[in-house]
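As structure tokens, the structure follows; a few thoughts come after it.
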Protein chains: 4
Amino acid sequence: MSSAAPPPARRTGRPRSAEADRAILDATRAALVELGWGKLTLGDVATRAGVAKTTLYRRWAGKNELVVDAVAALFDEHLELPDRGSLRADIEGVVLQFASLLERPETRTALMAVVAESTRDDALRRRIRSAIVDRQKSLVLLGRARAQARGELPHEPDPASAARNADLIFDVIAGAVVHRTLVSAEPVDDEWARGFTALLVGGLTATYGRP
Amino acid sequence: MSSAAPPPARRTGRPRSAEADRAILDATRAALVELGWGKLTLGDVATRAGVAKTTLYRRWAGKNELVVDAVAALFDEHLELPDRGSLRADIEGVVLQFASLLERPETRTALMAVVAESTRDDALRRRIRSAIVDRQKSLVLLGRARAQARGELPHEPDPASAARNADLIFDVIAGAVVHRTLVSAEPVDDEWARGFTALLVGGLTATYGRP
Amino acid sequence: MSSAAPPPARRTGRPRSAEADRAILDATRAALVELGWGKLTLGDVATRAGVAKTTLYRRWAGKNELVVDAVAALFDEHLELPDRGSLRADIEGVVLQFASLLERPETRTALMAVVAESTRDDALRRRIRSAIVDRQKSLVLLGRARAQARGELPHEPDPASAARNADLIFDVIAGAVVHRTLVSAEPVDDEWARGFTALLVGGLTATYGRP
Amino acid sequence: MSSAAPPPARRTGRPRSAEADRAILDATRAALVELGWGKLTLGDVATRAGVAKTTLYRRWAGKNELVVDAVAALFDEHLELPDRGSLRADIEGVVLQFASLLERPETRTALMAVVAESTRDDALRRRIRSAIVDRQKSLVLLGRARAQARGELPHEPDPASAARNADLIFDVIAGAVVHRTLVSAEPVDDEWARGFTALLVGGLTATYGRP
DNA sequence: ATGTAACCGAGACGGTACGTCGGGTCTTATC
DNA sequence: GATAAGACCCGACGTACCGTCTCGGTTACAT
């Protein structure tokens, strides 16, 4: 979150305006909605935020970093996993929740763009991972733990294997929703979510069995 | 793959150099590998191809269209589905094949970028779909047909439902591979492919049953 | 004159617009009048000229070079030395002429500024010399030749000494007018010109004698 | 020389550091030598002086005022007119003295620059006049008084005419030296000084006669 | 053989955004 | 209340690409 390179702690000089950060991130999201990634310019963001361009560059290294932070805030606010009582219901819930996030124009246009840039920029990839991806993945871990508590899935004694399986499930869920939404450009509605969940739960049950 | 809007048919005047097309697409791929999407400039592509910028703009409307065509050629050449004898083997094959395509730097960096742009540009989305997505999807259809012929999957009498299922399977496969490769940034190796295939085949079998 | 680095002669590509040069120099003079040297910005000049900033930078290396050329044109147009019949009248004429040039706001504000910059930039000094200073100096040479032809001044057999004397007279005339106008900030009117000319002609006559 | 508007007298609070003034002016001169007028930045001056930018702006209104004061100090220290026994020797002395001042890089680069700015800023012109020009002019007045005392020049009964003549001589001397040094960019050496003095004294004698 | 229409390279054109820099102002904590 | 530090707003800088537009020249088909 927050700045790319937060000066570890300064003691002298005028402190950075906390409000500027907020205004910039808000302006970034607004500009993304209106203009999309390609037309987004930092000068315009600064103007919208009522802030000088210098202020913006003092806090973020560039467009990518700024947009990651701006979008990450949405993932913070809108991703949660209430216990819906069954593995199936939990998966459907998370699929629909993630899909609704991807239907927002600011995430649609920004997420793939920063992922594309991250293929050439390790620092950006780490930033995306910690700001966005890990937040999503924690839902998978939570969902699995609940399913195991309910007895819907077996406990996995080998931690390495457990991590691999969680990663796999995460890539399948997130990947399928992203691909459906952005590449196939079809809506993730209740029907699709039901079909996808049936397939996944079937696979999980068939593969790992019931305890 | 060539141009977006090939002039319907000319009869007189100097014909377009066929070699220029090839040189431009080659240069585009080379530049993508070296510079990535963000730093790719059409002027540079033209220089590399030994071609004037005008020539390039005469054939493609812009960066997006050019890159889609340049990358699509790779999908043409490298996607096929030899019959490996079983549904499981066919899926593993297609997963590994698609992953090896995504491991090329030119596809890594280009695919997500054009998808990101396509969220705001319907013409680009259609171009991507016809040039790239549909090529991949046809493999899914082929694989299912083979599995049905082998008796591994039931025939689906309702064509609408059949199409829905094919779309779902396609999004799951392609999405999982893309997400694993580009977002999670982990390799799609034999082990992962086996695990993923087991999950998917388990789901298919559990959901649609055996005939 | 003209461009700083005129490509010796190109044969291919679109030729440079001759009108752009003119429009830029006109706009530079207009902006100098309105804003003065300090507030003059190249972006504004480009806008006034209806020209892109790039076009301007393609032809001139910076503010200094541009302004030298813009001002030099005025020296071309407004410096001449009609034969007024006597050394005294010729000197008075050239003094008033030079003074009226320095009373234009564009020359007032620009000339000293570029001279100041030239103290740290040899290329700029050479440019100023060839574009402005040498034009003025030629008037001194012409005036002396006429005076010698009239018998008002002796012929100088030693060319080195003749050059030294011309330089001295030039520095005295130009320096006095510039200093009066810009440093003392007092007008060079007929009275001052008469007094100055009397002093100078007296000095010349006393020093070099009549033939 | 210090600030333009020295606060009339403060009684409370921390007193201004007297050393800061000196450090700032020294730093200004040093920066002028290294960077020239155009590249001189107030932030850099503050850093060199070990002083905050705020402190600098509390004492001077801007770059022009600061530089005028910094350079004026040099005119204070280095301009004087010892009695050399004759008008001719006094003039040669003042010419060489002024020239040696103009050969310092800090004066070369600064003087013309502030003069250029002063063409659009009356307050600056007055500041230059009182800080620099009047100091020089007083030498002319002193020299004339001595020459009159020696009987080399006649007394001028009309005070207005006397002032006009002093102004003229001043513009001729200062203008010629400045022009030779900065515009013609040739050195003012003993030979030039002799030639110039001969011309000027000849003119004075011829014009005003001996008493 | 000669038009002639469309191609080609080169490169200038009007633009837009970039990321940086300097100018002055302000807000802190410290002296 | 002056100071050092440094963030702030502002606006210009010079550069890089964009996509378009002349240029002078080159092909290759249709007379």
Side-chain angles (χ1 to χ4, degrees), chain A residues 7 10-17 19-20 39-47 49-63, chain B residues 7 10-17 19-20 39-47 49-63, chain C residues 7 10-17 19-20 38-44 46-47 49-63, chain D residues 7 10-17 20 38-47 49-63:
Chain A
R10 275 162 296 94
R11 60 208 76 237
T12 83
R14 177 173 173 177
R16 289 191 177 169
S17 159
E19 197 178 357
K39 305 281 185 193
L40 180 74
T41 71
L42 296 197
D44 180 50
V45 169
T47 303
V51 142
K53 241 192 325 173
T54 6
T55 299
L56 203 153
Y57 278 106
R58 208 175 285 119
R59 291 163 155 83
W60 286 276
K63 198 163 152 174
Chain B
R10 277 161 292 97
R11 60 208 74 225
T12 170
R14 177 175 173 176
R16 288 190 177 167
S17 159
E19 198 177 358
K39 306 283 183 189
L40 180 74
T41 69
L42 295 197
D44 181 49
V45 169
T47 304
V51 142
K53 251 197 313 176
T54 332
T55 301
L56 204 154
Y57 278 105
R58 212 175 282 122
R59 292 162 154 85
W60 286 276
K63 194 164 156 173
Chain C
R10 273 164 296 92
R11 58 209 78 233
T12 82
R14 177 172 172 176
R16 289 190 176 170
S17 159
E19 197 178 358
K39 306 280 185 191
L40 180 73
T41 69
L42 297 196
D44 180 50
T47 304
V51 142
K53 243 195 319 175
T54 343
T55 300
L56 204 153
Y57 279 105
R58 209 175 284 122
R59 292 164 156 82
W60 287 276
K63 196 164 154 172
Chain D
R10 277 162 292 98
R11 61 208 75 223
T12 168
R14 176 171 170 178
R16 288 191 176 170
S17 159
K39 306 282 183 190
L40 180 73
T41 70
L42 295 195
D44 181 49
V45 168
T47 305
V51 142
K53 252 198 309 179
T54 331
T55 302
L56 204 155
Y57 277 106
R58 212 174 282 122
R59 291 164 155 86
W60 286 276
K63 194 164 156 175

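A, B, ... follow the sequence lines: proteins, then strands. Residue 1 opens every chain. As the structure is a computational prediction, the values presented were derived from the model and not from experiment.
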Nucleotide-resolved protein contact map, nucleotides 18-25 of chain F, B/S/- at heavy-atom distance under 4.0 Å: SBBBB--B
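- B:T54 pairs by the side-chain contact (heavy atoms from CB on, under 4.5 Å) definition with B:A52, B:R58, not counting sequence neighbours.
- An OP1 or OP2 oxygen of F:dA2 is reached within less than 4.0 angstrom by no side-chain nitrogen or oxygen of D:R58.
- Heavy-atom minimum distance, A:T55 versus A:A20: CG2-CB, 4.5 Å.
- Considering only residues two or more places apart in sequence or on other chains, D:A46 meets the side-chain contact (heavy atoms from CB on, under 4.5 Å) condition with D:K53, D:L56.
- Toward the 5′ end of DNA chain F lies the nearest nucleotide of D:T55, the other residue of the pair A:T55 and D:T55 mapping further downstream.
- The distance from atom NZ of D:K39 to atom P of E:dG23 is 12 Å, rounded to the nearest whole Å.
- Qualifying side-chain contact (heavy atoms from CB on, under 4.5 Å) partners for C:T41, counting only residues two or more places apart in sequence or in other chains: C:D44.
- The rotation axes computed at either terminus of the helix from E:dA1-F:dT31 to E:dC31-F:dG1 lie 10° apart, taking five pairs at each end and rounding to 10 degrees.
- Counting to the nearest Å, the P atom of F:dC17 and the CG atom of B:L56 are 15 Å from each other.
- Residues forming a side-chain contact (heavy atoms from CB on, under 4.5 Å) with D:T47 (at least two apart in sequence, or on another chain): none.
- If C:S17 and B:G50 are placed on DNA chain E by their nearest nucleotide, the residue sitting closer to the 5' end is B:G50.
- Protein atom CD of B:E19 is 16 Å distant from nucleotide atom C1' of F:dT26, rounded to whole Å.
- Nearest heavy atom pair, residue C:L40 against residue C:K63, reads O-NZ, 3.0 Å.
- Residue C:R16 places none of its side-chain N or O atoms closer than 4.0 Å to OP1 or OP2 of E:dG11.
- One interatomic measurement links the two molecules: CZ of C:R59 to P of E:dA12, which rounds to 9 Å at whole-angstrom precision.
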